[in-house]
J.: 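Mind having a look at this structure? Questions to follow.
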Amino acid sequence: MRPFADEWVVPALSSLVSEQALAAIRDQAEGPSASVWQAVLDRRLAAEDAVLAAVAARFRMPVADLGQVGPDVASQVPEQLVRRFNVVPLRLTDSRFDVAASNPFDMDAEKMLAFATGREVRLFLCSPNRIREKLDEVYRPDDLVERLLDGITEELEVTQLPDQPEEIAASAEEARARPIIKLVDTLLADGITSRASDIHVESSESGMIVRYRIDGVLREVMKIPRSAGIPLISRIKIMSGMDIADRLRPQDGRCRVSVNGSPVDLRVSTLPASLGEKVVIRILNTRSTLLAIDALGLDEGERETIRSLLEYKEGIILVTGPTGSGKTTTLYAALREVQATGVNIVMLEDPVEYRLGQSIVQVQINEKAGLIFPAALRSILRQDPDVVLIGEVRDRETAQIAVQASLTGHLVLSTLHTNDAPNTVTRLLDMGMEAYKIGSALRGIVAQRLMRRLCPNCRIEDRDHLPARLQAYLSSTAQRFKAVGCGDCAQTGYRGRFGIVEIMVMNPELERLVSSGATADLLAKAARQSGMRSLCESGLRHVATGETSVDELLRVTEPPREETVAAEKPAASPPSRVSRAEPTPRHSGSVPAIDGGAAFELLDDAELPPPRFEVTRNGAVILLVDDEDQLRKAMRDLLERQGYTVVEAIDGAAALAEIDRTNPDLVILDLNLPGVDGYTVLSQVRSRETTRNLPVIVLTAKGDEDNEVRVLQLGADDFLTKPFRSRALAARLETALGRRRVV
């Protein structure tokens, strides 16, 4: 048997690599200096982290944290010494020297390091690959950049394309005199060929850090000496048409470059920071981003649902999700779907990300020139468009014009930042939109996220225990896969991304709920009963087909809670009217009367009467809307003692839902409510034909005259401030109810 240079590693590999594979490595080993650790990694028989964990567990060795290398340790330990024994100096104190080593049993290394530093040596375990990379980073940052320049720029050619010929040409001519131009071109070329969506250039105490965002995750690729930082950032700012002298304000710019003849759009943003400016370059590569619905990674049912939404000739379709979730790509794919001869498509964006051309008019927002979203949208509607794309609904005015356009014969596509589809309606209400207009205009909402796709070359079957949160949705016996890591995926285990979606398609029931201002929970329940799948359920299908892993699913989405699932089960329909129960004596405690009224008792939660009864013919139902639990319970007890039946709501959306469900005789309404406030509730009540004459008494702590006038102008029957007298409240209730009986 041919021994390896690191024969001591072999026992630790028995749980990861088969005996036949080890025997094959041994037969092909070239001399006694061959490393079995390196051979296992080169042949992709196991992931680097897995080998490191197995070796550490076998020999009970602590694993080194290379991210904690001291800033000055490299200057105190000779490079020749650490490279000789392939170790990384971690920390150097007065009495101890901590190093990361791939062979903790190398006694010669330990003795030599102790002799050279005069300190006790402590060894921590690390893989040989990572040690070599860290040594290059710590001792030769200039050489690392130089090697990158020599290795990449000979094969890749970067040429800047004129966006505005006169201004950019002058800036480019000025930048050619800077030696840093080669490094900037290398960063762009390497980032584009590495499939990066963003390039981050950040200042640190030790230099400039360059990171690529690949498949949604940031990876550090190099460090540049701090002395090169200002020329580097200046070159990027010159290319994108920014002011290189202004380093105290954020700036935005854009430019186009050509990498080996392929044009790529770049969107550049700078941000002043404590250690210097940070630059983020967004890479908008039209060729690598396939703008088609079939290329989004959706299943057949999801694609057909989106296509059915795009068949509408009017209405509004919203795509929602956080920043970087692929909303713009989905909208562009939708435009490709509706693009046809005779269709006038106008896009309004800030900024224009992809230049589509082909009879699609793209309008760039220019705030300095006064071309903002509302003004531009009004002008677009005078251009006789069939389809309008709005980059983002950011404010109330834009939302109102977009909804108005959708109600007057235009198909409007836009994006919004919300967590899921049902909460999109809540977001529009928060902007000040009228619920009935939202219900009439909406055709569908697509909430989406991006998940990483497992690398097909190195994925392995996942035999780990299925997390408890997913056991209700995925069989424990179903075949699953997990990430390992190889050279093709940069040791991440993932390569590429696809979309998962939650599509809420409007129907008469949902339109009724939206128009009545129903809460997001009620909308979600109704939508799921109509066939909507959640984001997690969409992702589970990709886990079952082996496209992604359970870990990635849990990173991107949150499984439904058990109580949510239980709440979706069919239940008996509530009565159309609530009822009044006969008041019964309670002795669970009491609170003092508010502002001098008689004392009354406070109910315990366990003794509260059931929420729905059969109402008597002469009974009066009062809806009490207040978000203060203590005050609401006290008022409920007071009102029930006076013979009323009380229904409660803790916010404005719930109040509107209770009005539709219980048809109360009177509403006591607080103004300061979470979500939909009392002003909006009052406006909604007065705008509907069925509730126009419903008595509303406003009870609020805002007792100023302006607020009272505003509330009365909105249509309130009475205005009462906190704290209040119980007898005064009773008299006002009788008066308001008496007026309604007369009417």
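Please read these numbers as outputs of a predicted model, since none were measured by experiment.
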J.: For Pro128 and Gln38, which heavy atoms make the closest approach, and how far apart are they?
T.: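 Pro128 and Gln38 have their closest heavy atoms at CG-OE1, 4.1 Å.
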J.: Are the side chain of Thr492 and the backbone of Tyr494 linked by a donor-acceptor contact shorter than 3.5 Å?
T.: yes
J.: Can you see which heavy atom on Val264 is nearest to which on Leu284, and at what distance?
T.: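 In this case the closest contact between Val264 and Leu284 is CG1-O, 3.9 Å.
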J.: Once you round to the nearest 0.5 Å, how far does CD1 of Ile281 lie from OG1 of Thr270?
T.: 11.0 Å
J.: Is it true that a side-chain atom of Gln251 and a backbone atom of Asp243 form a donor plus acceptor pair closer than 3.5 Å?
T.: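 Here the side-chain-to-backbone pair exists.
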J.: Looking only at non-hydrogen atoms, find the nearest pair between Pro559 and Arg469 and report the distance.
T.: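 Distance-wise, the nearest heavy atoms are CB-O, 3.9 Å.
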J.: Using the six-membered ring wherever Trp is involved, compare the ring planes of Phe105 and Trp8 and label them parallel, tilted or perpendicular (cut-offs 30° and 60°).
T.: perpendicular
J.: Check the pair Met347 / Leu335 against side chain to side chain contact (heavy atoms under 4.5 Å, CB included), numbers first and verdict last.
T.: CA-CA 10 Å; Met347 302 171 60; Leu335 282 186; 3.4 Å; yes
J.: Checking Lys134 now: which residues fulfil side chain to side chain contact (heavy atoms under 4.5 Å, CB included) with it, not counting sequence neighbours?
T.: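 Scan of Lys134 (side chain to side chain contact (heavy atoms under 4.5 Å, CB included), adjacent residues dropped) gives Leu66, Val69, Val88, Glu137, Val138.
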J.: Is the backbone of Thr93 close enough, under 3.5 Å, to the side chain of Arg119 for a donor and an acceptor to pair up by distance?
T.: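 Judged by distance alone, yes, a pair lies under 3.5 Å.
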J.: Return yes if some donor-acceptor pair links the side-chain N/O of Thr557 with the main-chain N/O of Leu554 below 3.5 Å, else return no.
T.: no
J.: For Asp198, I'd like to know if atom CG has over 12 heavy atoms of other residues, nucleotides or ligands within 6.0 Å.
T.: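 Yes, the 6.0 Å shell around CG holds more than 12 heavy atoms from other groups.
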J.: Is the closest side-chain heavy-atom distance between Ile131 and Phe85 below 4.5 Å?
T.: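 Ile131 vs Phe85: side chains apart.
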J.: Do you know which two heavy atoms are closest between Gly493 and Cys458, and how far apart they sit?
T.: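 Minimum heavy-atom separation between Gly493 and Cys458: CA-SG, 4.2 Å.
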J.: Quick check against the 3.5 Å criterion: does Lys278 have a side-chain atom that pairs as donor or acceptor with the backbone of Ala273?
T.: no
J.: In plain terms, say whether Arg130 and Asp49 are close enough for a salt bridge, that is, a side-chain N and a carboxylate O under 4.0 Å apart.
T.: yes
J.: Taking NZ, NE, NH1 and NH2 as the nitrogens, is one of them in Arg453 or Glu552 under 4.0 Å from a carboxylate oxygen of the other?
T.: no
J.: Counting only N and O atoms by type, is there a donor-acceptor contact under 3.5 Å from the side chain of Thr548 to the main-chain atoms of Arg452?
T.: yes
J.: Answer yes or no: is there a donor N or O on one side and an acceptor on the other, between the side chain of Gln448 and the main chain of Gly326, under 3.5 Å?
T.: yes
J.: Within the structure provided, determine whether Pro467 and Val550 are in side-chain contact (heavy-atom separation under 4.5 Å).
T.: yes
J.: Start with the C-alpha distance between Asp215 and Arg195, add both sets of side-chain angles, then the distance that settles salt bridge (Lys or Arg N to Asp or Glu O under 4.0 Å), and finish with yes or no.
T.: CA-CA 8 Å; Asp215 295 335; Arg195 302 181 299 106; 3.1 Å; yes
J.: Work out which heavy atom in Ser15 is nearest to a heavy atom in Ala12; give both atom names and the distance.
T.: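 For Ser15 and Ala12, the tightest heavy-atom pair comes out as OG-O, 3.8 Å.
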J.: Mark yes or no for whether Ser269, through its side chain, and Val280, through its backbone, hold a donor-acceptor pair below 3.5 Å.
T.: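 Checked: no pair found.
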J.: Would you say Thr545's side chain and Arg541's backbone share a donor-acceptor pair under 3.5 angstrom?
T.: yes
J.: Where the side chain of Arg213 meets the backbone of Gly216, is there a donor-acceptor pair that is under 3.5 Å apart?
T.: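 Side chain of Arg213 to backbone of Gly216: a pair is present.
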J.: Using a 4.5 Å cut-off on heavy atoms from C-beta on, say whether the side chain of Leu90 contacts that of Val99.
T.: no
J.: Looking only at non-hydrogen atoms, find the nearest pair between Leu125 and Met61 and report the distance.
T.: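 It is CB-CB, 4.2 Å.
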J.: Do the side chains of His417 and Lys327 get nearer than 4.5 Å, heavy atoms only?
T.: yes
